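Keep in mind that what you see is a predicted model, and the values were worked out from it rather than measured. Each chain gets a letter, A, B and so on, in the order its sequence line appears, and its residues count up from 1.
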Amino acid sequence: MSRSGAHRVEKGGQLDRARKVSFTFNGRALVGHVGDTLASALLANGISVVSRSFKYHRPRGIFSAGVEEPNALLRVEIDGLAVPLVRATLQPLVEGMVVTSENCFPSVDFDLGRIFDRVHGLLPAGFYNKTFKWPNWHTYEDAVRRMAGLGTLPTGDDKTSFFRHHLRCDVLVVGAGIAGLAAALEASRAGAQVALIEQDGELGGRALHERVQVEGRTAKSWIDAAVSELARAPRVRILKRTLVAGYYDHNVLTALDLSDKEHPDGSVQRFWIIRAREVVLATGAIEQPLVFAHNDRPGIMLAGAMRTYLNRYGVAAGRRAVIATNNDDAYRTAFDLHDAGIEVAAVVDARTNAARNIEEGIQQRGIKVLRSSMVVDTRGSTTLKAVAVDELANDGRSLGANRVWIPCDALAVSSGWNPTVHLYSQAGGKVRYDSSLACILPDNCRQRVRIVGAANAEFAVSSAIASGTHAGREAAAESRPVPRDAGREHRSETNGIRAVRRAPQASAARQWVDLLHDVTTSDIELAVRENFVAVEHLKRYTTNGMAVDQGKTSNLNALAVLSDLTGRGIETLGTTTYRPQFMPVTFGAIAGGATGDLYVPPRHMPAHRWHVRHGAQLDDYGGWKRPACYLRGAETREAAINREVQAVRTALGLFEGSPLGKIEVRGPDAARFLHRIYMNNVTSLQPGKVRYGLMLNENGIVIDDGVFACLSPEHYLVSTTGANAERIAGWLEEWHQCEWPDLDLVLMPVTTQWAVLTLAGAAARTLLQQLPGDIDFSAAAFPHMNYREGQLAGRRARVQRVSFTGELSYEISVPANEAEAFWDELMQRGAQLGIAPIGLEAWLVLRLEKGFLHVGSDTDGTTNPLDLGFGAMVQKKAGDFVGRRSLLRTADQETSRRQFVGLEPVEAGASLVAGAHVISTSPKRSQGFVTSAAFSPTLGRSIGLGLLERGHARIDEIVTVFDEGRTLQARVVKPAFFDPAGERMNG
Amino acid sequence: MLQISCPYCGVRDEEEFRFGGESHVTRPALDVDDRVWADYLFNRINPKGIAYERWLHSYGCGRWFNVARDTVTHEILAVYLMGAAKPQLSEVTPAREAQPKRVRTSEGSLS
C-alpha cells in the first residue's frame, strides 16, 4: 500500500511510503509514514477538527505547517510521558504515540463548552475584569481558573533526561534554509568555525516545501550538494531539530533540542547555551492570514502550509480548494494543487492583476481568478462547506452587492509573508513596519548580528543566496555588521502585495484575528472605543498575541485592524516587543541536570557519619544537614529535645557546630581593619582574649554576630553565624579590596578546615582535664571569653571558652578530618559524666532560655543595635565603624522603634508561638511580634523573645498577643530567663 | 549573558561574576550631615549610557575590579583595577537614544 489515509495523494512528497507508523488520536487508531509530522498524518487521515478554541470552544483544524501553529496544540504521550500543548506541526510521528485534544469535554467532536460560542456576545474582551467584581474577584477565581488556561499538566515526575550543553563558535547560523546554507557554506570556506542550527529534521527550509529551481538546479540537488559540503567541512557543526529560542546580551543564544530520541550521552532533550562571535539569522518568514467573517473554520489554512502538506508530505488538504490572497506568492498553491490533480475552484485576489509570469501560469492552467475580490464569509461546522466572495471597492473599505457562494472543502489564505524578526528583536534590534513591502523589517541592532533571506524580506531564491553568501563572508572576516538595513540591495521580489488584510465587515459575524486566544475584530473595536490604542495596551486588553503562539499569525493583523480603526498608518503604531522564548521551552530543559541534590548539594558536617549512626534526625539548616535531635528508642522528637536540654543543664552535652564561620585575619593592620568592621572595640583586645561582636551594614542594620579572638597582635580569628559564613567572608573582602585597600592584611576563610565540637555543661572542665594535652583548663588559667591553642588528646586544637547556652562551655576546633574520631573519644570518656549528643533544636532552646540573640531570627532588616539594647557598647566604641553614621540619624534613635524584649505568658500552661503579633486594642494594630518561642524544660513553661515598640520601657507590662484568631496575655520581661547573672557560664 | 574580561584571569562568562553596583562612590566621614550621608547610602547615577561599576570575579580569583559598561548596548568599554581612575570614554550610545546626563544635586555630588 502506498497510501495511508484518504487524503494522501498517489505520489510525491518526501516520505518513506514503505514504512508505516501507527498512532492513536482521541482513541482512534491511525496510520502514517516515516517522514510525517503529526499534523500531516492527521490531515492525511481526513481529521478536520483537532482542537476546541480557548474561549468559545469552536472546532478548529490544522492551520499551518510550522512553529506558528495556533490550533493544533495537542497532548502527546510517548513511552508513558505525556506532554501538553505539543505543536502537531513540528512533532514527528512516533510509533505508538497517543495523541489527545485539549480544551474539550467530553470530546473534541461533541464539546459541551460550545455553549460559550452561543453566548459570545456576553464575553467581550476584558469581560471578566468587568464582570467578576462583586463582592470581589476571589469569589469567582477558582471557577474561572479551572475553565481558563489551556492544556493539562502531566502528573508525576518528569522522567525525561535533560542535559545542558555549551557551544562556542565563530559564526552561528540560525536557520538552514537556502540563505542559511549559503551563509554557513561561505563562512566555512573562509575558515571560520561554524555552527548551523535548524528546527526541522531536514536542512533546506522552505525550499523543501516548494517546487523551485535554485541556481539552475532542482532545490533538492542544490541542498544535497550544500549539505554534503558542510558535512565534510572540518569546522562545521550542524544541529537539527533544534530550535533557537532565546537571544541575549553579548551574542549568547539558547536553543532547545526537540528530538525524541536518546543521544549517546543518555540525554533526550538538550538545552544549548551558545556563545557566538558573529550571528547570522536566517530565520525565514511566517505567512499571515486574511481577516474575514468565520475565518476560523476547520479547512482554512495558510496558503504556504497547504503547499507544504502537498509537496513535502503528499497530503491534499481538500478535494476542492479556493485560494484567497492579496499577493503573488499564494498562486504557487493554486498551481501546485492544480498540477497534482486537485480541483482549484477559484483564486480570490484582492488585486486587479498579478505579475506577468503568474498571469501566464493562470492562462496555461485555465484557473478561474476573481479579481478585486475577497472572501467575506464561510459556511460549515466541523468541515468547510463553502466560502462567500464579494467584490472590493477601490478604496478597499466597502464591498459590492454580488456576493457569490463557492462550494469547497479547503481554503488557502495569504496576506503575504512577514519576516521572523523575533530573535533579532530579542537581541536588542529595532524593527519597523515597511509600508511598501507591507511587512515588519529588521532595522538596526548593536549586537554582532546579520539577518538574511526571507527574515530580511529577501524572498527570492537568488536574493536569499546573495545575502546569505555576503553575510557568511563578512561574519567570517569579523567585520563589523552594518547596523541599518543590511542587504537592502538584495530585496528584489515584493510579491506585489496589496496591503488589504481585512475584508470590510458586512454583518455582525465575527472576524478572527487571534485564533488561539479567540480575539476578534470586535474585541479590537472595543479596545479602541475604550482608548486602549497603544499597541502594548491593545495587546494586554484584548490578549491578542499573548497566547503560547505569541501572536505569530495575529500580531500584524491586529496592527492592521487598529490602523483601520484609528486611521493611523501601521508604521506609526510601533510593534510589541519580542522576548524570549521564541517558542515555549520546558523548565526541565533549562534546569538540565541541576535538580534535587544536584541543584543544591547537601552539606554534611565532619562528624556526619557518627550522627547518622546514633539516631540523629537530620534537617536542613542553611544548606547543612544537621541533627535536629538524637532519638533514643521510641522517644518522640519533643521528648528528645527536652532530654537534651536537661542533659546540658544537669550534666554535659556535646554539640557539633562545625558550620560556624571561621575567618582568619592576619597582618599589621588586622586590628585596625576589624575595628572599622565591628560595632565593638577591637584594638583594645589582648592576645588570648575573646570578645562578642556585632556587624552592621552601612544602614546601621545588624547583619551578623559572633565572637572574635585575638591570637596575636597581628592575627585574629573571626567567628560568624553558620548561615552567614560565606557571605561575611565576601563582605570583609569587599571592604578590604574596595574601600580600604591600603590596609595591610590577608583574609582567609577556614570554616571547613576546622570542625567545631562544643562541650557545654558543668562537667565540661572535668572531662577536658582528663584528656592528655598542654592546655591548662583550670578556672583560674582559662576564664570565660578566653582563647587557647595547643595539643588535646593528641590533636592540634583551638579552644574558645564561650557559651551559647549559659553553661560552662568550650568550643573546640580540631582539623576537620579528625572530627569523628575526636567526637567518639569525647563521648566515650564523657560517658561516666552523663554526656549526651545535642541536636540543634535543643541548642536553640538553651540559648532562648538564656535570652541570647539569634541574628536573623530575632532581628530583621530594620533592627539596629540600639533596638537590641547595645547603646552603651556603641557609646564606648572609639572611632568610625561600618554603619555608625546611620545610628546617628534621629530615626535610628527613636524610642518608639521595635525593641528586643522577653515575653512570658501570664496564664500557666499557655504557650507563645513565633510569628504571633503583639497588638494594641485601640487602635487595633500590631506593635511587634514574637521572634522566637519555645517550651523551656528547665523552667517548665513557655518563653519567648520578640521585637516590641518601646519595648525597653515596657518591662513588666501585660500585653495582648494575637495568633491565628486567638489571643493571650503575656508579660514583657528582660530577655534573660535563666541564670541572668551568668554565674554558670563564668564559673 | 555578558562576557567580561577579568583583569587577573581573562575573558569569562557573566555567571562567574557578581555585580557590585556603582563604583567611585566616596565614603563620607562620620561628621557629614544627614543629606550627604543619605546621598552616599541611596543615590546612584543610574545612567542611560556609560556606567562605571564594580564587579567581583566571585567564581574565579575573588578579586574586585571596575568595569565601564554602556547600559544601552551592554557593551563593555573598559576594565580597570580597583582604585584606578575612571577612564575617559566617549559615548557609544547614539546621541538620539541618550538622555541628558543626570548629575547629583546635593553637596555629596560624586560625578
Side-chain angles (χ1 to χ4, degrees), chain A residues 166 168 246-254 273-277 427-430 444-448 483-484 580 676 697-701 726-727 729-742 746-749 877-892, chain B residues 1-5 7-8 11-15 17-42 53-59 61-66 69-77 81-84 92-94 96-97 108:
Chain A
H166 290 260
R168 240 162 232 282
Y247 196 143
Y248 305 87
D249 298 327
H250 290 200
N251 268 358
V252 163
L253 293 91
T254 54
I273 299 174
I274 304 146
R275 172 89 68 182
R277 200 191 65 214
K430 299 279 180 286
N444 68 84
C445 183
R446 301 292 315 184
Q447 295 220 47
R448 299 189 71 100
R484 185 176 278 276
R676 293 178 188 178
N697 64 20
E698 280 284 57
N699 292 302
I701 304 303
E726 281 95 16
R727 186 170 146 226
W731 169 254
L732 299 183
E733 275 293 348
E734 185 172 2
W735 280 102
H736 180 221
Q737 289 185 36
C738 300
E739 195 60 42
W740 302 309
D742 54 311
V746 170
L747 293 155
M748 177 59 70
K877 169 86 181 223
D880 195 5
F881 60 87
V882 174
R884 177 161 218 172
R885 177 61 188 77
S886 287
L887 299 178
L888 301 175
R889 295 175 301 196
T890 316
D892 281 71
Chain B
M1 184 163 45
L2 305 181
Q3 211 171 25
I4 299 169
S5 182
Y8 304 96
V11 176
R12 304 294 174 89
D13 279 355
E14 184 182 344
E15 61 189 2
F17 297 87
R18 205 188 93 195
F19 175 66
E22 186 179 316
S23 202
H24 305 289
V25 176
T26 308
R27 185 170 189 262
L30 204 51
D31 57 2
V32 295
D33 66 25
D34 280 357
R35 269 175 63 105
V36 176
W37 185 251
D39 199 31
Y40 159 70
L41 284 183
F42 305 119
E53 49 202 28
R54 70 191 194 201
W55 287 76
L56 168 68
H57 195 186
S58 46
Y59 290 99
C61 59
R63 301 288 292 173
W64 284 92
F65 57 95
N66 290 310
R69 181 175 65 97
D70 190 310
T71 58
V72 176
T73 64
H74 298 297
E75 229 168 315
I76 289 176
L77 308 170
L81 299 185
M82 201 38 76
V92 167
T93 304
R96 68 186 167 87
E97 286 181 5

Where on [X] is there a heavy atom nearer than 4.5 Å to chain A: the side chain, the backbone, both, or neither?
{"X": "B/N66", "answer": "neither"}
{"X": "B/F42", "answer": "side chain"}
{"X": "B/M82", "answer": "side chain"}

If you define the side chain from C-beta out and look only at heavy atoms, does anything of [X] sit under 4.5 Å from [Y]?
{"X": "B/R18", "Y": "A/E734", "value": "yes"}
{"X": "B/I76", "Y": "A/H250", "value": "yes"}
{"X": "B/L56", "Y": "A/E733", "value": "no"}
{"X": "B/R27", "Y": "A/D880", "value": "yes"}
{"X": "A/E698", "Y": "B/W37", "value": "yes"}
{"X": "A/Q447", "Y": "B/T73", "value": "no"}

Given a strict heavy-atom distance threshold of 4.5 Å, which part of [X] is in contact with chain B: side chain, backbone, both, or neither?
{"X": "A/R168", "result": "side chain"}
{"X": "A/F881", "result": "backbone"}
{"X": "A/Q737", "result": "both"}

Measure across A/R885 and B/L30 and return the closest heavy-atom pair with its distance rounded to 0.1 Å.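 Answer, listing the atom of A/R885 first, then B/L30: CD-O, 3.0 Å.
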
Check: B/D34 main-chain N/O paired with A/R889 side-chain donor or acceptor under 3.5 Å: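 No: the side chain of A/R889 does not pair with the backbone of B/D34.
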
Please check this pair: side chain of A/R446 against backbone of B/H74, looking for a donor-acceptor N/O pair closer than 3.5 Å.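 Here the side-chain-to-backbone pair does not exist.
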
Greatest number of heavy atom pairs closer than 4.5 Å to chain A - which of B/D13, B/D31, B/V32, B/L2: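 Heavy-atom pairs under 4.5 Å are most numerous for B/L2.
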
Within a 6.0 Å radius of atom OH on B/Y59, are there more than 12 heavy atoms belonging to other residues, nucleotides or ligands?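 Result for OH/B/Y59: open.
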
About how many Å separate CE of B/M1 and CG of A/N251, when rounded to the nearest 0.5 Å?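 Reported to 0.5 Å precision, the distance equals 11.5 Å.
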
